[in-house]
Amino acid sequence: MNTKIRILLQGGRVDGFFAYKTTSGFPFPTLFTLENIQELETWRPTPARYPILKLLLAQARKNPHAAYGILVRGCEERGLRELFKYQQLEQDKVIILGQACTEGLAKYCECWKPYPDALDYGKPAPAMAKSRKVEELEEQHREARLDWWLSHFNRCIRCYGCRDVCPVCFCTECSLEHAELMLGEILPPDTSFHLVRAVHMGGRCIDCGLCEEVCPARIPLRSLYKKINRLIEEILGYNPGISKEKSPLSFLGEEMSLPSGPR
Amino acid sequence: MEEKKFEPRILAFLCNWCSYAGADLAGVSRLQYPSNIRVIRVTCSGTVSPHHILHAFQKRADGVLVAGCHIGDCHYIKGNYMTLKRLKFVEGLLDFAGYDPKRLRLEWISAAEGIKFAGVVREFTETIRHLGPAPPFDAIPLLAGNM
(Lines give C-alpha, C1' and ligand atoms only; values in the text may rest on other atoms or scores of the structure.)
Protein backbone atom coordinates (compact mmCIF):
# COMPACT_ATOMS: atom_id res chain seq x y z
CA MET A 1 0.00 0.00 0.00
CA ASN A 2 2.78 2.41 0.96
CA THR A 3 4.50 2.10 -2.46
CA LYS A 4 1.39 2.87 -4.51
CA ILE A 5 0.30 5.76 -2.32
CA ARG A 6 3.86 7.11 -2.24
CA ILE A 7 3.96 7.12 -6.05
CA LEU A 8 0.59 8.89 -6.25
CA LEU A 9 1.60 11.54 -3.72
CA GLN A 10 5.13 12.14 -4.98
CA GLY A 11 3.98 12.16 -8.60
CA GLY A 12 1.58 14.98 -7.70
CA ARG A 13 -1.46 12.99 -8.91
CA VAL A 14 -3.20 13.51 -5.56
CA ASP A 15 -2.81 16.17 -2.88
CA GLY A 16 -3.77 13.85 -0.08
CA PHE A 17 -4.62 10.20 0.47
CA PHE A 18 -7.07 8.78 2.99
CA ALA A 19 -5.79 5.51 4.40
CA TYR A 20 -5.22 3.98 7.82
CA LYS A 21 -2.49 4.44 10.38
CA THR A 22 -2.00 2.26 13.43
CA THR A 23 -2.34 4.20 16.67
CA SER A 24 -2.19 2.31 19.98
CA GLY A 25 -2.66 -0.92 18.05
CA PHE A 26 -5.79 0.24 16.20
CA PRO A 27 -6.04 1.40 12.62
CA PHE A 28 -7.31 4.97 12.39
CA PRO A 29 -8.26 6.83 9.22
CA THR A 30 -5.59 9.38 8.40
CA LEU A 31 -5.01 11.87 5.66
CA PHE A 32 -1.55 11.28 4.24
CA THR A 33 0.17 14.13 2.44
CA LEU A 34 3.77 14.77 1.42
CA GLU A 35 4.44 15.94 4.99
CA ASN A 36 3.64 12.68 6.74
CA ILE A 37 4.46 10.37 3.84
CA GLN A 38 7.04 8.47 5.91
CA GLU A 39 4.24 7.32 8.25
CA LEU A 40 2.64 5.15 5.54
CA GLU A 41 2.28 1.51 6.53
CA THR A 42 2.01 -1.75 4.60
CA TRP A 43 -1.55 -2.93 4.04
CA ARG A 44 -3.13 -5.47 6.36
CA PRO A 45 -6.72 -6.63 6.57
CA THR A 46 -8.76 -5.17 9.40
CA PRO A 47 -12.40 -5.46 10.46
CA ALA A 48 -12.40 -1.83 11.64
CA ARG A 49 -14.70 0.40 9.62
CA TYR A 50 -14.85 4.17 9.62
CA PRO A 51 -16.90 6.85 7.84
CA ILE A 52 -13.89 7.50 5.63
CA LEU A 53 -16.10 8.81 2.80
CA LYS A 54 -17.48 11.43 5.16
CA LEU A 55 -13.92 12.58 5.88
CA LEU A 56 -13.15 12.73 2.17
CA LEU A 57 -16.34 14.68 1.46
CA ALA A 58 -15.60 17.21 4.19
CA GLN A 59 -12.03 17.63 2.95
CA ALA A 60 -13.10 17.95 -0.69
CA ARG A 61 -15.68 20.59 0.23
CA LYS A 62 -12.99 22.59 2.00
CA ASN A 63 -10.55 22.30 -0.92
CA PRO A 64 -12.64 22.06 -4.08
CA HIS A 65 -9.64 22.17 -6.42
CA ALA A 66 -7.58 19.48 -4.74
CA ALA A 67 -7.50 15.84 -5.83
CA TYR A 68 -7.64 13.09 -3.23
CA GLY A 69 -6.98 9.40 -3.10
CA ILE A 70 -8.82 6.99 -0.87
CA LEU A 71 -8.54 3.38 0.22
CA VAL A 72 -12.02 1.86 -0.12
CA ARG A 73 -13.95 -1.29 0.69
CA GLY A 74 -16.74 -2.63 -1.52
CA CYS A 75 -19.43 -0.58 0.21
CA GLU A 76 -17.33 2.57 0.15
CA GLU A 77 -16.74 2.20 -3.57
CA ARG A 78 -20.51 2.00 -4.07
CA GLY A 79 -20.89 5.06 -1.88
CA LEU A 80 -18.37 6.97 -3.97
CA ARG A 81 -20.34 6.18 -7.13
CA GLU A 82 -23.50 7.54 -5.52
CA LEU A 83 -21.67 10.70 -4.48
CA PHE A 84 -20.45 11.12 -8.07
CA LYS A 85 -24.01 10.69 -9.35
CA TYR A 86 -25.34 13.32 -6.98
CA GLN A 87 -22.43 15.57 -7.95
CA GLN A 88 -21.05 15.82 -4.45
CA LEU A 89 -17.60 14.78 -5.62
CA GLU A 90 -15.88 15.04 -8.98
CA GLN A 91 -14.90 11.73 -10.43
CA ASP A 92 -11.60 12.93 -11.90
CA LYS A 93 -10.54 14.39 -8.56
CA VAL A 94 -10.80 11.09 -6.69
CA ILE A 95 -8.36 8.20 -7.11
CA ILE A 96 -9.26 4.92 -5.46
CA LEU A 97 -7.35 1.94 -4.23
CA GLY A 98 -9.54 -1.02 -3.28
CA GLN A 99 -9.26 -3.45 -0.39
CA ALA A 100 -11.26 -6.63 0.10
CA CYS A 101 -13.02 -7.28 3.40
CA THR A 102 -12.13 -10.33 5.46
CA GLU A 103 -14.44 -13.31 5.36
CA GLY A 104 -15.45 -12.74 8.96
CA LEU A 105 -16.46 -9.15 8.28
CA ALA A 106 -18.37 -10.13 5.12
CA LYS A 107 -20.33 -12.68 7.15
CA TYR A 108 -20.99 -10.22 9.94
CA CYS A 109 -22.27 -7.65 7.44
CA GLU A 110 -24.18 -10.25 5.39
CA CYS A 111 -22.62 -8.29 2.54
CA TRP A 112 -23.64 -9.05 -1.03
CA LYS A 113 -20.39 -7.66 -2.46
CA PRO A 114 -17.61 -7.44 0.14
CA TYR A 115 -14.97 -6.26 -2.32
CA PRO A 116 -14.62 -3.28 -4.66
CA ASP A 117 -14.42 -3.67 -8.43
CA ALA A 118 -11.04 -1.97 -8.35
CA LEU A 119 -9.33 -4.51 -6.12
CA ASP A 120 -5.73 -3.80 -5.11
CA TYR A 121 -5.33 -5.51 -1.76
CA GLY A 122 -6.62 -8.75 -0.29
CA LYS A 123 -8.63 -11.66 -1.65
CA PRO A 124 -12.37 -11.25 -2.27
CA ALA A 125 -14.45 -13.00 0.38
CA PRO A 126 -17.53 -14.93 -0.71
CA ALA A 127 -20.64 -12.74 -1.03
CA MET A 128 -23.83 -13.44 0.91
CA ALA A 129 -26.87 -13.31 -1.35
CA LYS A 130 -29.41 -13.35 1.47
CA SER A 131 -29.76 -11.63 4.79
CA ARG A 132 -30.82 -14.01 7.54
CA LYS A 133 -31.85 -11.11 9.79
CA VAL A 134 -34.24 -9.68 7.20
CA GLU A 135 -35.66 -13.10 6.42
CA GLU A 136 -36.34 -13.81 10.07
CA LEU A 137 -38.32 -10.60 10.28
CA GLU A 138 -40.24 -11.35 7.12
CA GLU A 139 -41.28 -14.72 8.51
CA GLN A 140 -42.93 -13.11 11.54
CA HIS A 141 -46.55 -12.07 11.68
CA ARG A 142 -47.18 -8.46 10.79
CA GLU A 143 -48.39 -7.58 14.30
CA ALA A 144 -45.30 -9.13 15.85
CA ARG A 145 -43.14 -7.19 13.42
CA LEU A 146 -44.82 -3.92 14.37
CA ASP A 147 -44.24 -4.61 18.08
CA TRP A 148 -40.67 -5.60 17.35
CA TRP A 149 -39.89 -2.40 15.48
CA LEU A 150 -41.74 -0.11 17.86
CA SER A 151 -39.95 -1.56 20.84
CA HIS A 152 -36.67 -0.85 19.09
CA PHE A 153 -37.63 2.65 17.99
CA ASN A 154 -38.64 3.22 21.60
CA ARG A 155 -34.98 3.45 22.57
CA CYS A 156 -34.11 6.16 20.07
CA ILE A 157 -32.53 9.18 21.74
CA ARG A 158 -32.63 11.22 18.57
CA CYS A 159 -28.89 11.77 18.44
CA TYR A 160 -28.93 11.86 14.62
CA GLY A 161 -25.88 9.58 14.69
CA CYS A 162 -27.31 7.36 11.94
CA ARG A 163 -27.70 10.38 9.69
CA ASP A 164 -24.44 12.07 10.56
CA VAL A 165 -22.31 9.00 9.95
CA CYS A 166 -24.08 8.03 6.73
CA PRO A 167 -21.79 8.48 3.69
CA VAL A 168 -24.72 9.17 1.35
CA CYS A 169 -26.51 11.62 3.68
CA PHE A 170 -25.05 14.81 2.28
CA CYS A 171 -28.06 17.16 2.28
CA THR A 172 -27.51 20.50 3.96
CA GLU A 173 -31.18 20.69 4.96
CA CYS A 174 -32.76 17.66 6.56
CA SER A 175 -36.49 16.98 6.82
CA LEU A 176 -35.81 15.08 10.04
CA GLU A 177 -35.09 18.44 11.61
CA HIS A 178 -38.27 20.03 10.25
CA ALA A 179 -39.98 21.68 13.20
CA GLU A 180 -43.52 20.83 12.07
CA LEU A 181 -42.97 17.28 10.90
CA MET A 182 -40.62 16.20 13.68
CA LEU A 183 -41.63 17.72 16.97
CA GLY A 184 -38.52 18.63 18.89
CA GLU A 185 -39.55 18.22 22.48
CA ILE A 186 -40.43 14.56 22.75
CA LEU A 187 -38.32 11.48 23.33
CA PRO A 188 -38.33 8.96 21.84
CA PRO A 189 -39.08 10.88 18.64
CA ASP A 190 -42.08 10.01 16.52
CA THR A 191 -41.76 6.45 15.31
CA SER A 192 -41.97 7.89 11.84
CA PHE A 193 -38.44 9.24 12.38
CA HIS A 194 -36.75 6.01 11.37
CA LEU A 195 -39.28 5.16 8.71
CA VAL A 196 -38.82 8.55 7.07
CA ARG A 197 -35.09 8.08 7.18
CA ALA A 198 -35.63 4.67 5.64
CA VAL A 199 -37.62 6.26 2.82
CA HIS A 200 -34.78 8.67 2.19
CA MET A 201 -32.34 5.77 2.08
CA GLY A 202 -34.35 4.22 -0.76
CA GLY A 203 -32.19 4.24 -3.88
CA ARG A 204 -29.21 5.55 -1.92
CA CYS A 205 -28.22 3.14 0.85
CA ILE A 206 -25.03 1.34 -0.07
CA ASP A 207 -25.28 -1.02 2.92
CA CYS A 208 -22.14 -0.06 4.78
CA GLY A 209 -23.85 -0.60 8.12
CA LEU A 210 -22.19 2.33 9.88
CA CYS A 211 -25.61 3.57 11.07
CA GLU A 212 -26.19 0.44 13.09
CA GLU A 213 -22.60 0.41 14.27
CA VAL A 214 -22.77 3.95 15.59
CA CYS A 215 -26.28 3.77 17.12
CA PRO A 216 -26.01 4.17 20.90
CA ALA A 217 -29.44 2.58 21.31
CA ARG A 218 -28.51 -0.43 19.18
CA ILE A 219 -31.49 -0.10 16.87
CA PRO A 220 -31.17 -2.71 14.09
CA LEU A 221 -31.26 -0.09 11.36
CA ARG A 222 -29.29 -2.17 8.93
CA SER A 223 -32.06 -4.77 8.60
CA LEU A 224 -34.47 -1.95 7.82
CA TYR A 225 -32.26 -0.47 5.09
CA LYS A 226 -31.39 -3.88 3.66
CA LYS A 227 -35.10 -4.45 3.16
CA ILE A 228 -35.43 -1.00 1.58
CA ASN A 229 -32.69 -1.90 -0.88
CA ARG A 230 -34.44 -5.10 -1.78
CA LEU A 231 -37.75 -3.27 -2.32
CA ILE A 232 -36.07 -0.75 -4.61
CA GLU A 233 -34.49 -3.57 -6.57
CA GLU A 234 -37.76 -5.52 -6.86
CA ILE A 235 -40.01 -2.59 -7.71
CA LEU A 236 -37.74 -0.25 -9.68
CA GLY A 237 -34.86 -2.52 -10.71
CA TYR A 238 -32.30 -0.16 -9.25
CA ASN A 239 -29.16 -0.99 -7.30
CA PRO A 240 -27.48 1.93 -5.51
CA GLY A 241 -23.79 2.07 -6.27
CA ILE A 242 -24.05 -0.50 -9.07
CA SER A 243 -26.57 0.93 -11.56
CA LYS A 244 -25.14 3.57 -13.86
CA GLU A 245 -28.17 5.85 -14.01
CA LYS A 246 -29.46 8.12 -11.26
CA SER A 247 -31.91 6.78 -8.69
CA PRO A 248 -35.45 6.47 -10.08
CA LEU A 249 -36.64 8.21 -6.92
CA SER A 250 -34.49 11.28 -7.46
CA PHE A 251 -36.78 14.07 -8.47
CA LEU A 252 -37.15 14.24 -12.22
CA GLY A 253 -34.48 11.85 -13.33
CA GLU A 254 -34.76 10.91 -16.97
CA GLU A 255 -37.87 13.10 -17.24
CA MET A 256 -35.68 16.22 -17.20
CA SER A 257 -34.90 15.62 -20.86
CA LEU A 258 -38.54 16.06 -21.90
CA PRO A 259 -39.11 18.99 -24.27
CA SER A 260 -40.76 21.93 -22.54
CA GLY A 261 -43.89 23.73 -23.70
CA PRO A 262 -47.44 22.57 -24.41
CA ARG A 263 -48.17 19.38 -26.33
CA MET B 1 -73.72 1.87 27.87
CA GLU B 2 -73.67 0.84 24.27
CA GLU B 3 -70.21 0.57 22.77
CA LYS B 4 -69.41 3.22 20.23
CA LYS B 5 -69.25 1.96 16.69
CA PHE B 6 -65.86 2.25 15.04
CA GLU B 7 -65.82 5.06 12.54
CA PRO B 8 -62.69 5.07 10.40
CA ARG B 9 -60.77 8.31 10.03
CA ILE B 10 -59.43 8.54 6.54
CA LEU B 11 -57.11 11.22 5.33
CA ALA B 12 -57.22 11.97 1.61
CA PHE B 13 -54.63 13.86 -0.39
CA LEU B 14 -56.37 14.99 -3.57
CA CYS B 15 -54.61 16.67 -6.42
CA ASN B 16 -55.94 20.09 -7.31
CA TRP B 17 -56.36 19.48 -11.01
CA CYS B 18 -58.14 16.14 -11.24
CA SER B 19 -59.14 14.37 -8.04
CA TYR B 20 -60.24 17.44 -6.10
CA ALA B 21 -62.37 18.48 -9.07
CA GLY B 22 -63.65 14.89 -9.17
CA ALA B 23 -64.67 15.20 -5.51
CA ASP B 24 -66.28 18.50 -6.34
CA LEU B 25 -68.26 16.89 -9.13
CA ALA B 26 -69.37 14.11 -6.77
CA GLY B 27 -70.69 16.83 -4.46
CA VAL B 28 -72.37 18.86 -7.16
CA SER B 29 -73.96 15.69 -8.57
CA ARG B 30 -75.26 14.94 -5.05
CA LEU B 31 -73.63 11.53 -4.89
CA GLN B 32 -73.64 9.95 -1.46
CA TYR B 33 -70.38 8.86 0.09
CA PRO B 34 -69.28 8.27 3.69
CA SER B 35 -68.23 11.28 5.71
CA ASN B 36 -65.20 9.46 7.11
CA ILE B 37 -62.92 11.19 4.70
CA ARG B 38 -60.92 14.31 5.49
CA VAL B 39 -59.60 15.97 2.41
CA ILE B 40 -56.36 17.87 1.97
CA ARG B 41 -55.96 19.56 -1.37
CA VAL B 42 -52.45 19.39 -2.80
CA THR B 43 -51.13 20.87 -6.02
CA CYS B 44 -50.04 17.51 -7.33
CA SER B 45 -50.12 13.97 -5.98
CA GLY B 46 -46.38 14.01 -6.55
CA THR B 47 -45.97 16.60 -3.79
CA VAL B 48 -47.23 14.16 -1.18
CA SER B 49 -44.10 13.20 0.65
CA PRO B 50 -43.90 9.81 2.36
CA HIS B 51 -43.25 11.97 5.40
CA HIS B 52 -46.83 13.27 5.23
CA ILE B 53 -48.22 9.77 4.89
CA LEU B 54 -46.22 8.40 7.79
CA HIS B 55 -47.08 11.47 9.84
CA ALA B 56 -50.76 10.82 9.20
CA PHE B 57 -50.42 7.27 10.49
CA GLN B 58 -48.46 8.60 13.43
CA LYS B 59 -51.42 10.87 14.26
CA ARG B 60 -53.70 7.81 14.23
CA ALA B 61 -55.28 8.07 10.80
CA ASP B 62 -56.90 4.71 10.03
CA GLY B 63 -56.33 5.03 6.33
CA VAL B 64 -54.65 7.33 3.85
CA LEU B 65 -55.90 7.87 0.31
CA VAL B 66 -53.74 9.52 -2.28
CA ALA B 67 -55.50 10.43 -5.50
CA GLY B 68 -54.19 12.14 -8.59
CA CYS B 69 -54.64 12.50 -12.31
CA HIS B 70 -54.47 9.46 -14.54
CA ILE B 71 -51.02 8.58 -15.82
CA GLY B 72 -50.30 10.84 -18.77
CA ASP B 73 -52.78 13.49 -17.62
CA CYS B 74 -50.65 15.13 -14.93
CA HIS B 75 -50.84 18.91 -14.95
CA TYR B 76 -47.12 18.89 -14.20
CA ILE B 77 -46.46 16.29 -16.88
CA LYS B 78 -44.68 13.66 -14.82
CA GLY B 79 -45.71 14.29 -11.21
CA ASN B 80 -47.89 11.23 -10.90
CA TYR B 81 -45.16 8.91 -12.17
CA MET B 82 -43.26 10.00 -9.11
CA THR B 83 -46.31 9.28 -6.92
CA LEU B 84 -46.62 5.82 -8.40
CA LYS B 85 -42.97 4.90 -7.86
CA ARG B 86 -42.94 6.33 -4.37
CA LEU B 87 -46.16 4.83 -3.08
CA LYS B 88 -45.38 1.34 -4.30
CA PHE B 89 -42.20 1.55 -2.28
CA VAL B 90 -43.86 3.07 0.80
CA GLU B 91 -46.38 0.21 0.74
CA GLY B 92 -43.53 -2.27 0.96
CA LEU B 93 -41.95 -0.31 3.78
CA LEU B 94 -45.21 -0.13 5.75
CA ASP B 95 -45.61 -3.88 5.39
CA PHE B 96 -42.09 -4.50 6.65
CA ALA B 97 -42.62 -2.14 9.57
CA GLY B 98 -45.69 -4.15 10.50
CA TYR B 99 -48.40 -1.86 9.18
CA ASP B 100 -51.09 -3.20 6.87
CA PRO B 101 -50.32 -1.74 3.42
CA LYS B 102 -54.05 -1.90 2.65
CA ARG B 103 -54.41 1.19 4.82
CA LEU B 104 -52.68 3.17 2.11
CA ARG B 105 -54.44 3.50 -1.21
CA LEU B 106 -53.51 5.14 -4.46
CA GLU B 107 -56.19 5.99 -7.01
CA TRP B 108 -56.29 7.87 -10.28
CA ILE B 109 -59.46 9.98 -10.38
CA SER B 110 -60.04 12.51 -13.14
CA ALA B 111 -62.16 15.66 -12.89
CA ALA B 112 -64.97 13.88 -14.76
CA GLU B 113 -65.06 10.88 -12.46
CA GLY B 114 -67.32 12.02 -9.63
CA ILE B 115 -68.97 8.62 -9.61
CA LYS B 116 -65.62 6.89 -9.33
CA PHE B 117 -64.60 9.19 -6.47
CA ALA B 118 -67.73 8.38 -4.48
CA GLY B 119 -67.23 4.69 -5.22
CA VAL B 120 -63.59 4.73 -4.12
CA VAL B 121 -64.42 6.49 -0.87
CA ARG B 122 -67.24 4.05 -0.14
CA GLU B 123 -65.08 1.05 -0.89
CA PHE B 124 -62.03 2.30 0.99
CA THR B 125 -64.12 3.19 4.06
CA GLU B 126 -65.54 -0.34 4.04
CA THR B 127 -62.03 -1.84 3.74
CA ILE B 128 -60.80 0.20 6.69
CA ARG B 129 -63.94 -0.55 8.72
CA HIS B 130 -63.25 -4.21 8.11
CA LEU B 131 -59.57 -3.84 9.11
CA GLY B 132 -60.55 -2.08 12.33
CA PRO B 133 -58.81 0.79 14.10
CA ALA B 134 -55.21 1.39 13.14
CA PRO B 135 -52.68 -0.08 15.56
CA PRO B 136 -50.93 2.53 17.70
CA PHE B 137 -47.79 3.86 16.15
CA ASP B 138 -46.19 5.07 19.34
CA ALA B 139 -43.06 3.57 20.77
CA ILE B 140 -43.98 0.88 23.28
CA PRO B 141 -42.18 -0.62 26.26
CA LEU B 142 -39.44 -3.10 25.55
CA LEU B 143 -40.33 -6.59 24.49
CA ALA B 144 -38.40 -9.33 26.24
CA GLY B 145 -35.27 -10.33 24.40
CA ASN B 146 -34.82 -7.22 22.35
CA MET B 147 -31.81 -5.84 24.12
Side-chain angles (χ1 to χ4, degrees), chain A residues 134 137-138 140-156 175-176 178 180-183 186-196 198-200 202-203 217-220 223-224 227-228 230-232 234-236 238 248-256 258 260 263, chain B residues 44 46-61 64 71-104 106 131-147:
Chain A
V134 173
L137 272 170
E138 281 170 340
Q140 289 185 20
H141 282 294
R142 195 181 282 137
E143 291 77 26
R145 214 155 50 212
L146 181 68
D147 286 351
W148 194 84
W149 279 117
L150 292 187
S151 70
H152 276 297
F153 292 160
N154 175 45
R155 294 198 302 274
C156 182
S175 85
L176 293 179
H178 193 287
E180 309 262 316
L181 286 168
M182 277 296 158
L183 295 176
I186 47 167
L187 269 185
D190 279 2
T191 38
S192 51
F193 183 96
H194 289 289
L195 295 181
V196 168
V199 170
H200 290 186
R218 287 186 282 161
I219 301 172
S223 306
L224 186 60
K227 174 68 181 183
I228 294 296
R230 199 180 302 172
L231 281 173
I232 290 284
E234 279 166 13
I235 299 169
L236 303 165
Y238 181 78
L249 287 170
S250 64
F251 188 61
L252 293 181
E254 71 273 30
E255 292 91 5
M256 274 299 267
L258 282 170
S260 55
R263 75 200 66 205
Chain B
C44 175
T47 64
V48 180
S49 153
H51 212 145
H52 298 128
I53 295 166
L54 291 166
H55 197 66
F57 285 126
Q58 180 84 43
K59 295 281 174 209
R60 302 298 298 276
V64 174
I71 288 290
D73 287 354
C74 179
H75 189 76
Y76 305 100
I77 302 164
K78 291 275 180 178
N80 50 9
Y81 284 86
M82 197 68 204
T83 321
L84 183 60
K85 285 193 268 192
R86 211 184 253 155
L87 283 217
K88 266 247 140 331
F89 160 60
V90 173
E91 264 175 21
L93 173 67
L94 281 176
D95 190 26
F96 189 62
Y99 234 67
D100 197 332
K102 280 198 227 98
R103 294 190 184 275
L104 175 63
L106 173 66
L131 286 175
F137 214 31
D138 291 320
I140 55 169
L142 279 175
L143 287 179
N146 255 3
M147 274 305 274

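The structure displayed is predicted, hence computed values, not measured ones.
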* State the CG-CD distance between Asp95(B) and Glu138(A), to the nearest 0.5 angstrom. =>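 Taking CG in Asp95(B) and CD in Glu138(A), the distance rounds to 9.0 Å.
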
* Would you give the length of the straight line joining atom CD1 of Ile232(A) to atom NZ of Lys85(B), rounded to the nearest 0.5 angstrom? =>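 Taking CD1 in Ile232(A) and NZ in Lys85(B), the distance rounds to 10.0 Å.
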
* Asked: Do you know which of Gly203(A), Cys156(A), Ser175(A) has the most heavy-atom pairs under 4.5 Å to chain B?
  ->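 It is Ser175(A).
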
* Beyond-backbone contact of Lys59(B) with Ser192(A), side-chain heavy atoms, under 4.5 angstrom ->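 They are not in side-chain contact.
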
* Would you say the side chain of Val199(A) lies within less than 4.5 Å of the side chain of His51(B), judging by non-hydrogen atoms? ->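 In short, these two side chains do not touch, never coming nearer than 4.5 Å.
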
* Asked: Is chain B contacted by the side chain of Leu231(A), its backbone, both, or neither, given a heavy-atom distance below 4.5 Å?
  ->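 Just its side chain gets close to chain B.
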
* Leu195(A) versus chain B, the contacting section by heavy-atom distance below 4.5 Å ->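 Both backbone and side chain.
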
* To do: Answer yes or no: is there a donor N or O on one side and an acceptor on the other, between the side chain of Trp149(A) and the main chain of Phe96(B), under 3.5 Å?
  =>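 Yes.
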
* Asked: Using a cut-off of under 4.5 Å for heavy-atom pairs, which of Pro135(B), Ala97(B), Gly79(B), Ser49(B) has the most such pairs with chain A?
  ->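 Maximum pair count with chain A is reached by Ala97(B).
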
* At their closest point, which heavy atom of Leu146(A) faces which heavy atom of Gly98(B), and how far apart are they? ->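 Smallest interatomic distance, heavy atoms only, reads CB-O, 3.6 Å.
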
